[in-house]
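In what follows, a single structure is set out as structure tokens and then discussed.
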Amino acid sequence: MPELPEVESIRLSLLPRVTGRTIGTVLADTPGVLVDTDSSSLSGLTISGIRRRGKYLVFDLGQSGDGPVTAFLMVHLRMTGRLTLQPQSQPVRPHTHVRLELLSGCLEPVWLIFQDTRRFGRIWLIPAPDGAQWPGHLARLGPEPLDPAFNAQVLKQQMARHARLSVKAALLDQTIIAGLGNIYADESLFRAGLYPARKVAGLQINEYTRLAHAITQVLAEAIACCGTTLRDYVDGWSREGQFQNFLNVYGQAGKPCRRCTSLISKGKLAGRTTSWCPVCQPDPDAYDGTVQEQPSSVSVQAQSPANSHQGRG
DNA sequence: ACCTACCTGTTT
DNA sequence: AAACAGGTAGGT
């Protein structure tokens with residue numbers, strides 16, 4: 001589920017409601033979700049902020065709200081994880097695995113709850129050594145696409161060591177660039193006009209420029225829409241996102257392209273379903289034989305290249 | 001660089 | 001009944 005825009009939306013929605021509050025009771029209902037952590041070790045710690053790195057959320061914890069950070073609570077939501085606030089008067093929501101009671105001097109206690117249908121998500125409590133800015137686990141993550149320092153040159157540099165990968169696979173590799181998943185990789189490639197199966201080695205500098213711009217634009221717009229809700233995603237207030245209404249290719253296979261009306265294609269790439277517009281994102285290696293023309297009713301259908309022998313209709 | 005596993009729910 | 005789903009770790 002949650003990719004960078006969803007995680008960021010959760011962060012922004014939770015921030016004003018959890019900062020300065022102290023953790024009271026901790027209930028780890030499902031073993032293994034709160035990894036290697038005695039839940040009592042969280043009690044008494046105060047949240048001084050929430051940060052995001054790629055698709056990870058990091059809660060800064062300390063003995064007081066303004067003292068040094070002594071621990072990080074690191075969360076990854078994987079496919080169906082949710083992090084929401086819940087009044088203590090309400091019944092336990094389905095698939096709740098961890099509950100943190102948040103205390104405040106003047107406000108009612110609330111639960112910060114972690115729900116996860118598929119139980120892929122994980123939460124870690126990590127000691128913060130003096131001066132540590134981030135949990136060491138995050139050291140391998142690639143650059144943040146919304147960092148001002150991110151640009152075409154950075155992207156090219158990151159991809160350089162993976163020349164044989166498809167550009168789609170490269171965008172999904174969290175060590176190359178942090179935060180993109182299947183939705184925003186496909187949407188970024190559409191906006192950049194790049195065929196997803198293009199090899200990294202063949203990308204030109206102007207294509208890196210287009211791609212870097214596309215990534216930052218798509219992510220910023222998705223955050224402005226509070227993320228994409230396909231099924232499970234909600235922010236800290238349990239509100240759905242709206243970016244699903246603006247998707248150009250993800251989940252749009254067989255529908256007309258919003259830009260050129262040709263039908264969106266679908267295939268399997270890097271083990272993931274991949275959608276693209278065959279006209280806006282042309283394959284430069286496609287054996288064509290003819291001059292570039294508008295596809296009226298041509299063979300570029302919403303079909304995997306691997307199934308081309310099937311030939312129906 | 002690819003596969004499979006991890007889970008449950010929904011769709012075909 | 002089988003395929004598929006926003007993600008990643010781990011093995012080959």
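Atoms considered below: every heavy atom in the structure, side chains included; atoms not considered: hydrogens, waters and symmetry mates. Here is the naming used below: chain letters follow the sequence lines, and residue numbers restart at 1 for every chain.
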Write down the distance between [atom1] ([X]) and [atom2] ([N]), rounded to a whole number of angstrom.
X	N	atom1	atom2	value
A:Tyr184	C:dG6	OH	C1'	9 Å
A:Lys266	C:dC4	NZ	C1'	9 Å
A:Leu141	C:dG7	CG	C1'	13 Å
A:His137	C:dT8	NE2	P	15 Å
A:Arg272	B:dA1	CZ	P	18 Å
A:Met74	C:dT8	CE	C1'	12 Å
A:Lys199	B:dA1	NZ	C1'	10 Å
A:Phe120	C:dA9	CZ	C1'	11 Å

task = Report yes if a donor N or O on one partner sits less than 3.5 Å from an acceptor N or O on the other, where the partners are the side chain of A:Arg118 and the base of B:dC7; otherwise report no.
result = yes
query = In a check of side chain to side chain contact (heavy atoms under 4.5 Å, CB included) between A:Ser188 and each of A:Ile215, A:Thr216, A:Val167, A:Leu219, which one passes?
reply = A:Ile215
task = Identify whether the distance between the nearest side-chain nitrogen and carboxylate oxygen of A:Asp60 and A:Arg51 falls below 4.0 Å.
result = yes
query = For residues A:Lys156 and A:Asn151, is any side-chain donor paired with an opposing acceptor at under 3.5 Å?
reply = no
Please determine if a side-chain N or O atom of [X] lies less than 4.0 Å away from the OP1 or OP2 oxygen of [N].
X	N	value
A:His95	B:dC7	no
A:Lys55	C:dT8	yes
A:His76	C:dT8	yes
A:Gln174	C:dT8	yes
A:Lys268	C:dA5	yes

key: Pairing annotation in dot-bracket form, given for DNA chain C with Watson-Crick or G-U pairs under 3.5 Å and | for cross-strand partners   = |||||.||||||
query = For A:Arg191 and A:Ala214, which heavy atoms make the closest approach, and how far apart are they?
reply = CB-CB, 3.8 Å
inquiry  = Minimum heavy-atom separation for A:Cys225 and A:Phe243, please, with both atom names.
reply    = CB-N, 3.7 Å
request  = Select from A:Thr117 and A:Ala169 the residue whose nearest nucleotide in DNA chain B is closer to the 5' end of that strand.
outcome  = A:Ala169
task = Take A:Arg231 and A:Arg164, find for each the nucleotide of DNA chain B with the closest heavy atom, and name the residue whose nucleotide sits nearer the 5' end.
result = A:Arg164
Quote, to the nearest angstrom, the [atom1] distance that separates [N] from [M].
N	M	atom1	value
C:dA9	B:dG9	P	24 Å
B:dC7	C:dA1	P	22 Å
C:dA5	B:dA1	P	24 Å

remark   = Which of A:Lys168, A:Lys268, A:Lys266 passes side-chain hydrogen bond (donor to acceptor under 3.5 Å, both in side chains) with A:Thr274? Answer is A:Lys168
inquiry  = What contact category does A:Tyr56 fall into here, base, sugar-phosphate, or nothing, at under 4.0 angstrom with non-hydrogen atoms?
reply    = sugar-phosphate
message = My understanding is that a hydrophobic cluster links ILVMFWY residues whose side chain heavy atoms are under 4.5 Å apart, including indirect links. Using that, what else belongs to the cluster containing A:Leu141?
response = A:Val35, A:Tyr56, A:Val58, A:Val69, A:Phe72, A:Met74, A:Trp124, A:Ile126, A:Trp134, A:Leu138
key: Any A:Phe114 side-chain heavy atom under 4.5 Å of A:Leu100 side chain   = no
